[in-house]
Amino acid sequence: MTRHARNCTAGAVYTYHEKKKDAEASGYGTQNERIGKDSVKDFDCCCLTLQPCRNPVITKDGFLFDKEAILEYIISKKTEYSRKLKEFERQSKKEEAEKAELAEAEKRTKLNNFMDMEKNIVKNSPSSSSSSSSKSVSNMANGGEKHLPSFWIPSKTPEARKTIVGKPDKIIYCPMSGKPISLKDLINVKFTEVKDPDDKKSLITKENRYMCAVTHDILSNSVPAAVLKPTGDVVTVECVEKLIKKDWLHPLTGEKLTEKDIIYMQRGGTGYSQTNDNLEAKNARPVIQV
């Protein structure tokens with residue numbers, strides 16, 4: 001246990017600071033930790049690969065993806081839907097076959113009961129012979145072999161529950177926003193590179209890679225940015241508020257713009273609470289069982 005301070009030896013209260021310090025030292029309990037700037041992706045990185053986009057596209061909600069990565073995601077979801085649909089159809093056919101088999105078994109049972117009744121009538125009649133057919137006690141009779149449990153196949157054990165497959169959802173949802181996404185909704189993004197003849201580094205290793213297409217301000221996680229939908233140019237939100245919203249004209253082409261033509265980019269984070277809401281991670285650790 002953590003000791004009290006020298007000037008607080010008479011205190012009988014187990015303070016929050018001491019409790020938190022003991023919890024961290026013990027290795028038990030859930031620990032909350034704020035994510036730092038280095039643990040959050042950059043504004044120009046794909047939300048799936050977490051790498052700088054080579055062919056960037058953006059959704060209506062402002063999430064940036066590499067076109068190759070999001071296409072692969074959509075194709076994988078379509079393949080998964082086809083697989084689940086075939087499994088659902090296979091299950092439906094199996095259920096129909098089981099229903100038909102039960103109806104046939106019920107019909108066969110009624111026929112056997114009728115035949116047994118006729119045999120009993122003949123047996124009890126004075127003219128009947130002394131010999132009679134005995135009823136089978138085998139659990140393999142009357143189609144019972146199809147319903148026998150199997151103790152070495154997991155799916156056929158007596159305790160095994162039947163797996164029910166529901167009808168799959170055909171809609172593909174965005175991995176970030178959870179809203180429906182399609183290929184036609186993706187908008188091509190055009191970043192304006194920073195032109196510095198003295199900087200010989202490659203684009204990926206540069207700290208300042210892109211700038212606003214209008215004001216030429218350097219773009220980063222600390223600078224809110226937006227995409228102009230008609231051309232895909234990336235500009236700062238300050239440019240949108242002070243220049244574009246005055247006359248609602250595209251500053252590069254002169255095209256008429258509306259509120260729907262401005263897509264605000266979702267930033268990765270700067271480490272400050274005023275920039276992003278979800279910058280806290282939880283580490284689930286074992287709990288002391290009493």
Side-chain angles (χ1 to χ4, degrees), residues 40-79 81 170-196 199 201-269 275-276:
V40 187
K41 78 175 189 68
D42 291 332
F43 73 100
D44 60 337
C45 291
C46 174
C47 292
L48 291 175
T49 64
L50 304 181
Q51 298 296 323
C53 296
R54 292 182 295 177
N55 191 4
V57 293
I58 196 170
T59 64
K60 294 179 180 179
D61 298 314
F63 292 100
L64 193 71
F65 296 99
D66 198 332
K67 193 170 186 178
E68 182 180 354
I70 192 64
L71 285 179
E72 185 177 351
Y73 171 81
I74 293 175
I75 292 173
S76 65
K77 288 299 179 181
K78 288 185 177 180
T79 305
Y81 166 75
K170 190 176 182 179
I171 302 175
I172 300 175
Y173 298 94
C174 176
M176 299 300 297
S177 64
K179 297 179 181 179
I181 186 175
S182 62
L183 183 59
K184 64 180 181 179
D185 295 332
L186 300 177
I187 301 161
N188 294 322
V189 177
K190 184 169 61 177
F191 284 107
T192 304
E193 297 182 13
V194 176
K195 301 297 181 181
D196 188 0
D199 194 352
K201 296 180 181 179
S202 62
L203 183 63
I204 296 180
T205 57
K206 287 182 180 180
E207 183 177 355
N208 299 325
R209 291 191 285 263
Y210 302 112
M211 62 182 180
C212 175
V214 180
T215 62
H216 292 184
D217 291 335
I218 300 299
L219 299 177
S220 65
N221 278 14
S222 59
V223 179
V227 176
L228 302 181
K229 186 176 179 181
T231 60
D233 290 300
V234 181
V235 297
T236 62
V237 174
E238 185 179 4
C239 175
V240 173
E241 297 294 335
K242 293 183 178 181
L243 298 178
I244 297 177
K245 287 190 176 182
K246 282 186 176 181
D247 49 9
W248 288 103
L249 293 177
H250 197 297
L252 301 177
T253 62
E255 185 179 354
K256 191 69 176 177
L257 298 176
T258 61
E259 190 70 34
K260 294 182 180 179
D261 293 329
I262 300 174
I263 301 174
Y264 295 94
M265 296 182 64
Q266 300 289 339
R267 293 178 287 166
T275 303
N276 294 91

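Quick note: numbers below take in every heavy atom, side chains included, and nothing from hydrogens, waters or symmetry partners.
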Heavy atoms only: give me the nearest [X]-[Y] pair and the separation to one decimal.
{"X": "Leu50", "Y": "Cys47", "answer": "CD2-O, 4.0 Å"}
{"X": "Gly254", "Y": "Leu249", "answer": "O-CD2, 3.8 Å"}
{"X": "Leu48", "Y": "Ala69", "answer": "CD1-O, 3.8 Å"}
{"X": "Leu219", "Y": "Cys212", "answer": "CG-N, 3.9 Å"}
{"X": "Lys170", "Y": "Tyr81", "answer": "CA-CE1, 3.6 Å"}

I'd like to check the side-chain hydrogen bond (donor to acceptor under 3.5 Å, both in side chains) partners of [X]; sequence neighbours left out, ordered by chain and number.
{"X": "Thr258", "result": "Asp261"}
{"X": "Ser220", "result": "Ser222"}
{"X": "Gln51", "result": "none"}
{"X": "Asn55", "result": "none"}

Under 3.5 Å, is there a donor-acceptor pair between the Asp217 and Thr215 side chains?
yes
Within a radius of less than 6.0 Å around CD of Glu72, do more than 12 heavy atoms belonging to other residues, nucleotides or ligands occur?
no
If I take atom [atom1] from residue [X] and atom [atom2] from residue [Y], how far apart are they, to the nearest 0.5 angstrom?
{"X": "Lys245", "Y": "Asp247", "atom1": "NZ", "atom2": "CG", "value": "13.0 Å"}
{"X": "Lys77", "Y": "Ile172", "atom1": "NZ", "atom2": "CD1", "value": "8.5 Å"}
{"X": "Phe191", "Y": "Phe43", "atom1": "CZ", "atom2": "CZ", "value": "5.5 Å"}

Looking only at atom types and distance, does a side-chain atom of Glu193 sit under 3.5 Å from a main-chain N or O of Arg209, one as donor and one as acceptor?
no
Worked verdict on Ile181 versus Leu186 for side chain to side chain contact (heavy atoms under 4.5 Å, CB included):
CA-CA 8 Å; Ile181 186 175; Leu186 300 177; 4.0 Å; yes
Applying side chain to side chain contact (heavy atoms under 4.5 Å, CB included), run through Glu259 and Trp248 and close with a yes or a no.
CA-CA 9 Å; Glu259 190 70 34; Trp248 288 103; 3.1 Å; yes
Set of side chain to side chain contact (heavy atoms under 4.5 Å, CB included) partners for Cys53, sequence neighbours left out
Cys46, Pro56, Leu64, Asp66
Derivation and outcome, side chain to side chain contact (heavy atoms under 4.5 Å, CB included), residues Ile70 and Val57:
CA-CA 9 Å; Ile70 192 64; Val57 293; 4.1 Å; yes
Does the side chain to side chain contact (heavy atoms under 4.5 Å, CB included) test come out yes or no for Met265 and Phe63, once each step is laid out?
CA-CA 6 Å; Met265 296 182 64; Phe63 292 100; over 6 Å; no
Can you give the donor-acceptor pairs under 3.5 Å from side chains of residues 223-240 to other protein atoms, not counting sequence neighbours?
from   : atom 1 : to     : atom 2 : distance (Å)
Thr231 : OG1    : Asp233 : OD2    : 2.7
Thr231 : OG1    : His250 : NE2    : 2.8
Thr236 : OG1    : Cys239 : N      : 3.2
Glu238 : OE2    : Lys242 : NZ     : 2.9

Could you check whether any side-chain heavy atom of Thr59 comes within less than 4.5 Å of a side-chain heavy atom of Phe65, counting everything from C-beta outward?
yes
Asp61 versus Ser177: any side-chain heavy-atom pair under 4.5 Å?
yes
